[in-house]
Number of protein chains: 2
Amino acid sequence: MISSISELISDRIGAMPAGERRAAQTLIANYPLTGLKTVAEFSAAAGVSSPTILRFVARLGFQNYPEFQSALQDELAAQLQSPASRTLNPASPGSSSAVSPMLEATLDNMRETFRHLSDKQLADIAATLAGRRGKTFLIGGRFTDPLARYMAAHLAIIQPDVYHLAGQESIWRDRLIDMGKRDVVVIFDIRRYQESLVRFAEKAHQRGVQIVLFTDQWLSPIARFARHVIAGRTAVPSAWDSSAALFVVAETLIGAVTRQLEAAGAKRIRDLESLR
Amino acid sequence: MISSISELISDRIGAMPAGERRAAQTLIANYPLTGLKTVAEFSAAAGVSSPTILRFVARLGFQNYPEFQSALQDELAAQLQSPASRTLNPASPGSSSAVSPMLEATLDNMRETFRHLSDKQLADIAATLAGRRGKTFLIGGRFTDPLARYMAAHLAIIQPDVYHLAGQESIWRDRLIDMGKRDVVVIFDIRRYQESLVRFAEKAHQRGVQIVLFTDQWLSPIARFARHVIAGRTAVPSAWDSSAALFVVAETLIGAVTRQLEAAGAKRIRDLESLR
DNA sequence: CAAAATACGTAACATACGATACAGCGCTCC
DNA sequence: GGAGCGCTGTATCGTATGTTACGTATTTTG
């Protein structure tokens with residue numbers, strides 16, 4: 001059972017001629033980076049000629065060099081996306097149970113999500129939400145609409161004109177007529193991406209509305225229209241994708257917006273209290 | 001202090017034109033792999049033209065595309081060689097960023113929440129949800145109702161008779177009449193605990209309905225009536241409480257129920273697919 | 001030891017890749 | 001509302017890259 005290219009190599013390295021073996025060893029030595037460079041660089045690093053490199057990858061079963069590189073990239077992508085698998089080391093002793101994989105994956109997702117999300121970005125988005133002159137609309141897809149509701153429930157308390165768009169497509173589509181350049185739409189869309197949301201986003205974009213998109217790492221097509229994109233990791237060992245990372249980003253944003261609106265928001269909250 | 005290319009990007013992404021920003025977001029979304037592919041592939045992934053990609057890397061300060069790729073590769077090499085260094089955010093010490101503390105607190109909350117939640121408990125609850133003979137109702141409070149919706153959206157797919165209770169109190173109060181011993185009610189309630197939910201829970205309990213309660217560590221008064229109680233940590237350095245831990249528990253439960261219903265659930269999902 | 005087979009490198013080739021010039025378009029600012 | 005600027009895509013070009021053919025060196029085999 002051979003799953004990775006490095007295994008494939010060490011499996012066949014015994015049956016290779018001298019030159020190709022040097023290529024193999026060079027590649028293994030700092031895997032897989034040498035394989036991602038050009039044939040010329042690879043050959044120079046291994047101290048052999050270019051054709052030897054090509055014969056080497058051919059012997060591994062690849063039709064040509066680009067195909068070999070694609071395979072390496074795919075492998076690397078799989079590795080990078082599940083940092084859990086690479087930290088299988090001693091880490092986190094104690095808890096290793098049936099739920100653990102799910103929790104661990106979720107925690108990793110969050111770390112990864114925030115690793116790609118700078119403070120500055122978050123501050124920018126918060127400023128967009130806090131500083132908008134017009135209205136804020138929130139909407140989500142089949143599974144993510146609750147996230148939109150959650151965020152709306154909080155934002156609506158600290159500032160006016162925050163609306164969650166619910167119900168049938170025709171209903172919120174018609175509300176496009178009220179939207180303009182001073183407004184912001186927050187959209188949640190993970191796969192499978194919803195056609196209706198894409199249409200909505202496009203129309204909103206045409207009207208000059210600023211779009212903040214929460215999506216997964218494969219990016220909803222809405223990213224095309226969005227001013228700000230938040231890409232969260234969603235992969236977990238389950239039949240479903242996880243929205244937990246996006247949820248945490250949403251909470252973080254809520255906190256940031258609240259802080260920015262502190263002055264105005266505090267007064268508003270007091271006013272609300274007195275209404276009860 | 002900018003050390004990595006991803007930081008460089010998120011630092012300047014605000015000052016980029018739309019097309020280049022799309023390129024940046026696509027690259028960040030699954031960093032750094034997209035940047036190692038060819039310009040054509042990169043541009044296709046981002047949905048822009050090749051020159052835009054080149055202008056993008058030029059704006060980052062690179063003389064040409066190969067130089068940009070080399071930089072990415074060097075970075076990747078450093079990462080791959082010292083797996084220890086992939087621990088999150090060793091940099092950005094202190095830094096008024098207010099984001100890290102938020103994330104850290106959230107992650108801690110989750111660990112703590114699950115530490116007090118045994119596998120057996122979760123399995124029991126999942127069995128309750130998967131094995132109920134009657135109907136499942138879900139409801140939440142002001143900020144937690146989205147969690148109820150999220151869970152309902154998933155459960156309703158793998159089993160019949162799952163209902164989210166929404167709208168005014170009178171509406172779901174009246175539905176108590178349909179509930180009996182074979183039914184399950186999932187309630188989300190964190191402080192400040194809502195009177196209306198407590199009343200509802202009490203009535204449901206009197207009718208013999210099994211109650212699964214999601215609450216915070218101080219326990220909603222509903223705990224008194226509940227068959228199962230999940231106490232999640234909610235404290236974060238923010239003006240608001242965090243429901244993220246409860247969200248993750250909900251997702252875990254959804255996964256567990258799905259697994260228990262695998263046979264029946266899979267068929268149901270296929271049937272649903274064919275309805276579209 | 002001779003002869004054949006295999007391996008390897010040099011050099012020429014074609015492709016596809018990155019780079020550039022230019023024109024159209026939308027946006028902002030008077 | 002008009003003029004100017006900046007951004008973006010199309011089309012084209014030169015070149016670096018992967019590929020192949022061929023001759024030489026090295027090993028293998030009878």
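Side-chain proximity of B:Val48 to the nucleotides D:dG9, C:dC8, C:dG18 is greatest for D:dG9. With D:dT19, C:dC8, D:dT8 as the choices, the nucleotide that has an atom nearest any side-chain atom of A:Pro66 turns out to be D:dT19. For B:Leu54, taking side-chain heavy atoms from C-beta onward, the closest of the listed nucleotides D:dG9, D:dT8, C:dA19 is C:dA19.
In this structure, A:Arg175 satisfies the cation-pi test against A:Tyr163, with its NZ or CZ atom closer than 6.0 Å to the six-membered ring centre and inside 45 degrees of the ring normal.
Using a cut-off of 4.0 Å between Lys/Arg side-chain N and Asp/Glu carboxylate O, A:Arg199 and A:Glu202 are scored as not salt-bridged.
Across the protein-nucleic acid pair, B:Asn64 atom CG and C:dT20 atom P stand 9 Å apart, rounded to whole Å. Rounded to an integer number of Å, the gap from A:Lys37 NZ to D:dA16 P is 18 Å. Atom CG in B:Leu36 sits roughly 15 Å away from atom P in C:dC17 (whole-Å rounding). Distance OH (B:Tyr65) to C1' (C:dT20): 17 Å, rounded to an integer number of Å. Atom CZ of A:Arg22 and atom C1' of C:dA7 are 14 Å apart (whole Å). Between the CD1 atom of A:Ile53 and the P atom of C:dT10 there is a distance of 14 Å, given to the nearest Å. A:Phe56 places its CZ atom 14 Å from the P atom of C:dG9, with the value rounded to the nearest Å. Atom CD in B:Glu67 sits roughly 14 Å away from atom C1' in C:dA19 (whole-Å rounding).
Annotation: of the two residues near DNA chain C, A:Lys181 and A:Gly19, the 5′-most nearest-nucleotide partner is A:Gly19. Nearer to the 5' terminus of DNA chain D, by closest-nucleotide assignment, is the contact made by B:Ala15 (compared with the other of B:Ala15 and B:Ser50). Residue whose closest nucleotide on DNA chain D sits further toward the 5' end, between B:Pro17 and A:Gln63: B:Pro17.
Nucleic acid contact for B:Ser49: base, since at least one base atom lies under 4.0 Å from a heavy atom of the residue. Residue A:Thr52 is classed as a sugar-phosphate contact, given heavy-atom separations below 4.0 Å to backbone atoms only. A:Pro51 comes within 4.0 angstrom of a base, heavy atoms only.
A:Leu129 has its side chain within reach of A:Met151: a pair of non-hydrogen atoms, C-beta onward, lies under 4.5 Å apart. Counting heavy atoms from C-beta outward, A:Arg227 and A:Val184 have side chains that stay 4.5 Å or more apart.
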For residues 239-250 of chain A, which side-chain donor-acceptor pairs fall under 3.5 Å, sequence neighbours excluded?
residue: A:Trp240; atom: NE1; partner: B:Thr258; partner atom: OG1; Å: 2.8
residue: A:Asp241; atom: OD2; partner: A:Arg191; partner atom: NH2; Å: 3.4
residue: A:Ser242; atom: OG; partner: A:Ala244; partner atom: N; Å: 3.1
residue: A:Ser242; atom: OG; partner: B:Glu251; partner atom: OE1; Å: 2.6
residue: A:Ser242; atom: OG; partner: B:Glu251; partner atom: OE2; Å: 3.3
residue: A:Ser243; atom: OG; partner: B:Tyr150; partner atom: OH; Å: 3.3

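In the interface, the side chain of B:Arg55 is not paired with the base of D:dG6 through any donor and acceptor atom under 3.5 Å apart.
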